[in-house]
Amino acid sequence: AEPGALPGPERELCKTMAAGPARLFAMGRLAARSTLETLGAAPRPLLRGGHGEPLWPEGYLGSISHTRGLGLAAAGQTTVAKAIGIDVELSERRPNPDILKRIATSAEQNWIDRSGIDPSLGALQLLSAKEAVYKAFYPLTGVALNFMDVSLERKGDSYIAALTRNIGTTHSAGTSL
């Protein structure tokens, strides 16, 4: 998508970006706009907060993700959901498995080792799942999590996320997210 397809205030945000990132930003914002309209939200620019997070209209929340040639969004009403986090990655984007030393808890590393999955694919899945957790958690707390702040347990095709440290006074280590 081209930034010119965005309303003025969102288009302005693109002026500080290189062409590729601006197109990805536009894809994500257009997907978010479509999702919000489906939910009945009045059209309005979806601006960014101080940490780059989308500023959703009053009564709505959501998450945006984009990668080469693909942008998507999920949104809901705050009366129905407390948080939404999504992330998308292309399967051919394979990080170096050495990154697992910086992003994986010992339990996550053990799961990848036991699963027989290609370690670079395991790293990609872990990166993406943790990114989705962070995107859901930040709007609730204003706290930007680090990779080791969350431990993921694989359950079938899903993950169960739990904090590995206390976050403020309301979110203790071990709390499932």
Side-chain touch Tyr60/Thr78, heavy atoms, less than 4.5 angstrom: no
Checking [X] now: which residues fulfil side-chain contact (heavy atoms from CB on, under 4.5 Å) with it, not counting sequence neighbours?
| X | answer |
| --- | --- |
| Glu58 | none |
| Ala73 | Ala31, Ala32, Thr35, Ile64 |
| Ala74 | Ile84, Ile86 |
| Pro95 | Ile99, Ala123, Leu124, Leu127 |

Partner residues of His66 under the ring pair (Phe, Tyr, Trp, His ring centres under 6.0 Å) criterion, sequence neighbours left out: none
Who are the salt bridge (Lys or Arg N to Asp or Glu O under 4.0 Å) partners of [X], not counting sequence neighbours?
| X | answer |
| --- | --- |
| Asp118 | Arg94 |
| Glu10 | Arg29, Arg33 |
| Asp157 | none |

Acceptor/donor pairs from residues 43-53 side chains to any protein atom, 3.5 angstrom cut, sequence neighbours excluded:
unit_1	atom_1	unit_2	atom_2	d
His51	ND1	Tyr138	OH	2.5
Glu53	OE1	His51	N	2.9

Under 4.5 Å between side-chain heavy atoms, chaining through other members, with only Ile, Leu, Val, Met, Phe, Trp and Tyr counted: pull out the rest of the cluster around Met27, sorted by chain and number. Leu24
Which atom pairs, donor and acceptor, lie under 3.5 Å between side-chain atoms of residues 147-155 and protein residues at least two apart or in another chain?
unit_1	atom_1	unit_2	atom_2	d
Asp149	OD1	Arg165	NE	2.8
Asp149	OD2	Asn146	N	2.7
Asp149	OD2	Arg165	NE	3.3
Asp149	OD2	Arg165	NH2	3.3
Glu153	OE2	Lys155	NZ	3.2
Arg154	NE	Gly156	O	3.0
Arg154	NH1	Gln125	OE1	3.2
Arg154	NH1	Tyr159	OH	3.1

Where at least one partner belongs to residues 168-177, residue pairs that pass side chain to side chain donor-acceptor pair (under 3.5 Å), sequence neighbours excluded: none
